There are 4 protein chains.
Amino acid sequence: MPQALAGIFTPNLIPLDRHGEIAEGELRRYIDWLIDHGVHGLYPNGSTGEFTRFTVEERRRIIQIVCDQAAGRVPILAGAAEANVKETLIACELYHQYGATAVAIVSPIYYRLSPDSVYAYFKEIALNSPIDVTLYNIPMFASPIDVPTIRRLAEFPRVVGIKDSSGDISFMLRMMSAVQPIRPDFVFLTGWEAALVPMLLMGCQGGTNATSGVVPEITRKLYDLVQSRKIDEARTLQLRLLELFDAMLYSADFPEGFRAAVELRGFNFGIGRQPMSESQQVDRNALQKVLQCILHDFGFVDPPGGGCATRTGNMNADRISQITAQVIDQLRQKGVR
Amino acid sequence: MPQALAGIFTPNLIPLDRHGEIAEGELRRYIDWLIDHGVHGLYPNGSTGEFTRFTVEERRRIIQIVCDQAAGRVPILAGAAEANVKETLIACELYHQYGATAVAIVSPIYYRLSPDSVYAYFKEIALNSPIDVTLYNIPMFASPIDVPTIRRLAEFPRVVGIKDSSGDISFMLRMMSAVQPIRPDFVFLTGWEAALVPMLLMGCQGGTNATSGVVPEITRKLYDLVQSRKIDEARTLQLRLLELFDAMLYSADFPEGFRAAVELRGFNFGIGRQPMSESQQVDRNALQKVLQCILHDFGFVDPPGGGCATRTGNMNADRISQITAQVIDQLRQKGVR
Amino acid sequence: MPQALAGIFTPNLIPLDRHGEIAEGELRRYIDWLIDHGVHGLYPNGSTGEFTRFTVEERRRIIQIVCDQAAGRVPILAGAAEANVKETLIACELYHQYGATAVAIVSPIYYRLSPDSVYAYFKEIALNSPIDVTLYNIPMFASPIDVPTIRRLAEFPRVVGIKDSSGDISFMLRMMSAVQPIRPDFVFLTGWEAALVPMLLMGCQGGTNATSGVVPEITRKLYDLVQSRKIDEARTLQLRLLELFDAMLYSADFPEGFRAAVELRGFNFGIGRQPMSESQQVDRNALQKVLQCILHDFGFVDPPGGGCATRTGNMNADRISQITAQVIDQLRQKGVR
Amino acid sequence: MPQALAGIFTPNLIPLDRHGEIAEGELRRYIDWLIDHGVHGLYPNGSTGEFTRFTVEERRRIIQIVCDQAAGRVPILAGAAEANVKETLIACELYHQYGATAVAIVSPIYYRLSPDSVYAYFKEIALNSPIDVTLYNIPMFASPIDVPTIRRLAEFPRVVGIKDSSGDISFMLRMMSAVQPIRPDFVFLTGWEAALVPMLLMGCQGGTNATSGVVPEITRKLYDLVQSRKIDEARTLQLRLLELFDAMLYSADFPEGFRAAVELRGFNFGIGRQPMSESQQVDRNALQKVLQCILHDFGFVDPPGGGCATRTGNMNADRISQITAQVIDQLRQKGVR
């Protein structure tokens, strides 16, 4: 049922408690909030969801919680990549039982495989999975899936779509050009919201976009604006979303900037699994103040105490000027200035 | 007059004679043909025009011929990069006298310079050029010009726009986001027609697109379709243009595939300056047959003798099947089969 | 006891049975063979050992088997990277109990982390591991560990060395230059035998070299020749080893070429975990014939039936000419020619 | 006479006057100084010599001056790459007349050519040059020359060697392995002194090393130590040279750091052709102080006023601490502290 795979899917961040364990209650509350705020689907165990930093058992538990909490309100695209074909197929079976709509499978990680090996890997999965499979191409982290390979894999009915996080719109068009003649129903999702509007305009059915975990209202609105062909409004909002996206993406090691942002929406995401140096923790606090200003511009949160300094788009400068503004404010409150 | 820099500019290929010298007559005929077929402007001495393979004197002569032949019918964006700031400024002076509308200057080549050096280089030019300057960003060949540097350079009135050949639509949006608040008149041109439609939809004023030197009717039509917001038609044509673009771009060392294609439109482009191995010459012939089939689909040329085999998008395979089809046809004509 | 980490360590390939499960008997026989043929140590759960393709439980079992079978005859450097710091520390504890000499830990995989994050990750491990830790730098597959980070990590006594698989000798010298003033005992191992002789000459204490799993006699001899400063002999042997290394490395997706080679030494390595396409299986057979010829030149195995064609260093050509030679031989035997 | 191409060749920096024009007198004085300080040859019009920033006429004049001033005392390897084959051959003719020993030709710049095109380019030159040709491989700036292409080009008697600036010792060994069986006289020079000692130990006949333009005594001594197989001494000196090399290479856009250093040896190199921003000029001054300290450690120059702060290998930190040390010293001299 590939139609289910359209619209904005949130690549779920996973809240942890102060021991670094999955915070189930907060995760369930977060899922409800996302659905209430308009996302079309959920995508747990993706890169944003730090799937490689959880154990096999934890990855299973995450899918179980998400499926259970969503309870059919929205489709679930479950990240199912494991150590090898056999383990991945076990995950496919389980996630099918849990009620996932489809699985998304990244090409093998760590080694950089040739197209033939990528093909052979997905072919095994395509032939044996009990659940629809979405290819997941993220060449910055895993073996790339090239156009001829996607074309060959599209011959398997089980392979129903691709989620591409390359951000390369020419590549997206090449994929469409190669696949649509033989599989008009094939789903193309983009994982790169810096290009969400043009990707949707050129024919993507939707996206798996980490910003939708922070500002689901905006990412959803972008989608709706494109659907109604309000291109100028969509473009304006795209540029504003881009500022937020870049701030979260480039100012901390992924996905810590997104974790810092979602906390501003009223969730407790706890201590991340990837340790931070002291200077990184200081940077995170400064980043969070700038993010608070951006989210305030959208009307979602109050500004930080001391107000918001003018932003320049240069995050290092912005962090410093924002912190300076707040220090001055605190001094003022204490009567020092 | 930056408004002049809108629409489709053709990055001029340069016809050579059988000695490898500039074929002035053919060049003048080609310019007329391009203007007659609807391109909005000409862009000589760009990468497509192989500017690095000509001497200083030849580069000057090319601009002189193009300006003379265009005779004010269309604006001329003249590539003016030379060995250093001083030499580049001499070219700016000359091209201004020749009647060019603006110059396009690639950031320093060979060495990979830091953003600060790229800034310092263009600043000198911006302060001293008698003619409007367009930055030319082509990170695959020359030092990249990053967003903060473009933002800083946009403060100089002489810098009126950027031609970007990265093909990265997120980068284009980031540039617009950084520059438009301080320079609403700044011109953004894309040099990557694989993404021409989405780039135009997101706010580019036009493009410098090598396909317009081969199928000016199509590149121009794409532009017009976007202007009239016929997005579905534009998308369909974009995919067809992409097939041609990829065939020309990836099947021979750039820009030989474009030279092979333009010959099919009735021009004699002679012997290229970059020598070819024997196998490359064989490949070029095979490529030209496939290109003939693609151009035939557009209705511009007759099919090759023996007709056109079905194309797969895999150029190696397509070349072989096309050649096979023709060999069989020749055998048939000779009564062998 | 860092002195233990000197010499040639074999990054253990893992034999599988026809179901793809660990072939314990064959693994034990292989370990004995390696030790008997002169390797100084064993390095299971490295990239050559396909650690990412096994489950947590399998990785543990591999270390248990290797430690048990080696039984103190040679030191064991155990790959201990798991999904996160906590899981990695559990592996450190276990491998310490199993009797490993030290662990080797690759920097976090999948995400590309900043130097600060790499530092924070290893710092946690350095502070809590009960067993000596060797950093493992393999920038082609995992987040790079840069020189300043190594310098900072060398301040922790638990961090006793680095295994570098970048193959960059200037980088190796930079590390030595940065670390040796504060930690003269720090161990530098190279994982890139294409440069084994120069790396050893410039001060590496040894290497973790996949060729030693195929031709332990040769890799060991290279080491001994450098120790006795027989530079010309070492250089000649290095060039011969390079031919074998390149054939195994570049002719199949890593580490399948090494698996194909070790089978020629009399081991049954079974079906690999990464599926192969049909054409890859044909290629593997052809590769194995060429490898047999190279190993025959070293005197380790008989030539393939039909003898060995002249090699050119171009593996594609060599595979074809080798297969052709054997087909002709078979035809001859059948009286066809 | 390829034997002439052995030892340390200095890639000539070109002194300019305050107008940015070639300072002929200073260039002649510099050439004498280099020869007097032991370099085996000169290599003008290389990357260090900023050949792309000069005009055709200036490049010719540089070779003329260098050949004239050297007057047969040392061999001259003249960089002869021009815009295309025809222009390059004109340079070959001229430099032959000027008395150059051989030419070095970089593969075509700007465009990234396929191996076949690189081959075709050099083949034309090999067949028509009146002077011996050295290939120049510098993949960071120009189209790479791969091993099979070098192997094919080594069949032309006119091609007598290769200067490789990749710094990749495995690549160097692969070249030797491919070429020496058919051309035992082929010369291998390394342009990467960070690996000079291991490259020489593995069979390079010499190097074209920019450090020899700053500390010719040291680069030459490294060569001599390797010739006499004093490996431990050579290694120690290599690490010291590496510190200087890295400081010059990574602390300013190439080759400005080398220009800043050579001034400390008593030459006036004037204003460079690539403009510098204000912050770059400040950085250059700070860098020069650190370089003065490094050169002082070698005994070549006096320390800067205020003495030398301890260096850490982190140039940013070193620049700041060095400047701080000197400011404190100046304050002390003025009685402020």
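Lettering follows sequence order; numbering is per chain, from 1. Values in this document were obtained by computation on a predicted structure and should not be read as measured data.
Proximity of D:Arg273 to B:Val85: side-chain heavy atoms (C-beta onward) are nowhere separated by under 4.5 Å.
Residues D:Ala120 and B:Pro275 come closest through the heavy atom pair CB-O, 3.5 Å.
Atom CD of B:Glu278 sits in a sparse spot, with 12 or fewer heavy atoms from other residues, nucleotides or ligands closer than 6.0 Å. Within 6.0 Å of CD1 in D:Ile271 there are 12 or fewer heavy atoms belonging to other residues, nucleotides or ligands.
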task: List the steps and the verdict of side chain to side chain contact (heavy atoms under 4.5 Å, CB included) for D:Glu21 and B:Lys86.
output: CA-CA 11 Å; D:Glu21 303 299 317; B:Lys86 185 181 145 198; 3.0 Å; yes

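Shown here are the side chain to side chain donor-acceptor pair (under 3.5 Å) partners of D:Arg319, two or more places apart in sequence or in another chain: D:Asn316.
Interface remark: B:Phe51 contributes backbone and side-chain atoms alike to the contact with chain D (heavy atom separation under 4.5 Å). Using a 4.5 Å cut-off between heavy atoms, B:Gln280 contacts chain D through both its backbone and its side chain. Residue B:Glu82: no heavy atom, backbone or side chain, is found under 4.5 Å from chain D.
Along residues 103-117 of chain B, the residues that come nearer than 4.5 angstrom to chain D, judged on non-hydrogen atoms, are B:Val106, B:Pro108, B:Ile109, B:Tyr110, B:Tyr111, B:Arg112, B:Leu113, B:Ser114, B:Asp116, B:Ser117 in order of number.
Interface check for chain B: of the options D:Val56, D:Asn84, D:Asp253, the most heavy-atom pairs under 4.5 Å are formed by D:Asp253.
Rounded to the nearest 0.5 angstrom, D:Glu124 CD and B:Gln274 CD are separated by 10.0 Å.
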